[in-house]
Trainee: 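Input: one structure, supplied below.
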Amino acid sequence: MQRKRFQLWHSILGVGILLVGEAVVLSVSANFPGEIMVLLGASVGGAGIIFVATEVIEEVRNARRMLFLLSAIVFEFILFFGFQYGYLINVLPGAFQGLSADPMSILLQSVMVFVFNPLYLPITAAGKALMLLNTAEALILVFFVLQNIWQFRTRTFISS
């Protein structure tokens with residue numbers, strides 16, 4: 001049985017559907033607390049992106065292709081984090097003191113959280129939970145990527 005080939009656009013489409021669905025639910029649901037929806041979306045999306053990273057590592061045997069795909073997944077993760085911060089600021093404007101809602105500020109905050117050096121610290125419990133969740137997801141992805149790159153290098157050295 002032949003394995004399906006990994007397609008990056010499937011991952012991008014999946015995250016896009018999740019973000020649009022989350023935005024729709026946030027805009028139409030007044031009964032459900034928005035911050036809980038943002039945290040739920042961040043959990044599901046983070047788990048999905050980490051799953052995609054495992055699929056890339058399991059399938060790709062070419063170092064350049066793996067580097068490209070993992071870089072794309074990291075960028076996807078950073079964009080996903082940015083949307084989550086944007087949604088939370090929309091639902092709970094005082095979650096991060098000083099963080100404006102413009103896309104560049106949110107993207108910069110997302111990048112800095114991914115590299116474990118946030119620019120703006122959260123004030124609310126939902127903001128703290130989102131930052132903790134995003135930091136944990138980034139750690140999992142970074143450790144996973146480093147471990148698998150080390151294994152890939154070891155496998156390359158052994159076979160040469």
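Starting from 1, each residue takes its place in the sequence as its number.
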Trainee: Going by side chain to side chain contact (heavy atoms under 4.5 Å, CB included), name the residues that satisfy it together with S100, two or more places apart in sequence or in a different chain.
Mentor: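 S100 satisfies side chain to side chain contact (heavy atoms under 4.5 Å, CB included) with D102, S105 only.
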Trainee: Using the test side chain to side chain contact (heavy atoms under 4.5 Å, CB included), find all partners of I49 that sit at least two apart in sequence or belong to another chain.
Mentor: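 Checked I49 against side chain to side chain contact (heavy atoms under 4.5 Å, CB included); matches are V15, I73, E76, F77, F80.
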Trainee: Would you confirm whether Q97, through its side chain, and I123, through its main-chain N or O, come within 3.5 Å as a donor-acceptor pair?
Mentor: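 Answer holds: no.
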Trainee: How many angstroms lie between atom CD of E35 and atom CG of L130, to the nearest 0.5 angstrom?
Mentor: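 Interatomic distance, E35 CD to L130 CG, rounded to 0.5 Å: 11.0 Å.
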Trainee: Please tell me whether L121 and I106 are part of a single hydrophobic cluster in this structure, the criterion being side-chain heavy atoms less than 4.5 Å apart.
Mentor: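 Yes; tracing contacts between hydrophobic side chains, which count when under 4.5 Å, links both residues.
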Trainee: Nearest heavy-atom pair of G41 and Q84: which atoms, and what distance?
Mentor: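 So the minimum-distance heavy-atom pair works out to C-OE1, 4.2 Å.
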Trainee: Around atom CZ of F116, are there more than 12 heavy atoms from other residues, nucleotides or ligands closer than 6.0 Å?
Mentor: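 Yes, the 6.0 Å shell around CZ holds more than 12 heavy atoms from other groups.
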Trainee: Output the distance between atom CG (N117) and atom CD (Q109), rounded to the nearest 0.5 Å.
Mentor: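 One gets 9.5 Å once the value is rounded to the nearest 0.5 Å.
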Trainee: Starting from L70, can I reach L146 by hopping between I/L/V/M/F/W/Y residues whose side chains sit under 4.5 Å apart?
Mentor: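 Yes, L146 connects to L70 through the hydrophobic network.
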Trainee: Could you pull out every donor-acceptor pair under 3.5 Å between side chains of residues 131-141 and any protein atom, sequence neighbours left out?
Mentor:
{"from": "N134", "atom 1": "OD1", "to": "Y85", "atom 2": "OH", "distance (Å)": "3.0"}
{"from": "T135", "atom 1": "OG1", "to": "M131", "atom 2": "O", "distance (Å)": "2.8"}

Trainee: Please output the side-chain donor-acceptor pairs of residues 87-95 that fall under 3.5 Å, not counting sequence neighbours, one pair per line with the distance.
Mentor:
{"from": "Y87", "atom 1": "OH", "to": "L19", "atom 2": "O", "distance (Å)": "2.8"}

Trainee: If hydrophobic clusters are built by linking Ile, Leu, Val, Met, Phe, Trp and Tyr wherever their side-chain heavy atoms come under 4.5 Å apart, do F83 and F75 end up in the same one?
Mentor: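 Same hydrophobic cluster.
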Trainee: Would M37 end up clustered with I17 when hydrophobic side chains under 4.5 Å apart are linked, directly or stepwise?
Mentor: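 Each belongs to a different hydrophobic cluster.
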Trainee: Considering all heavy atoms of both residues, which atom of S110 and which atom of F81 are nearest to each other, and what is their separation?
Mentor: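 Closest pair (atom of S110, atom of F81, distance): OG-CB, 2.9 Å.
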Trainee: Which residues pass the side chain to side chain contact (heavy atoms under 4.5 Å, CB included) test with L107, sequence neighbours left out?
Mentor: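 With neighbours one apart ignored, the set is I78, L79.
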Trainee: Find the distance between CZ (F51) and OG1 (T54) and round it off to the nearest 0.5 Å.
Mentor: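 It comes to 5.0 Å.
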Trainee: If you look at every heavy atom in L18 and G45, which pair is closest and at what distance?
Mentor: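 Shortest heavy-atom separation between L18 and G45 comes out as CD2-CA, 3.3 Å.
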Trainee: Could you tell me which residues satisfy side chain to side chain contact (heavy atoms under 4.5 Å, CB included) with L108, sequence neighbours excluded, listed by chain and number?
Mentor: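 Only M112, L119 meet the side chain to side chain contact (heavy atoms under 4.5 Å, CB included) criterion with L108.
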Trainee: In this structure, would M104 and Y120 fall into the same cluster of hydrophobic residues linked by side-chain contacts under 4.5 Å?
Mentor: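 Looking at the clustering, Y120 is in a separate group from M104.
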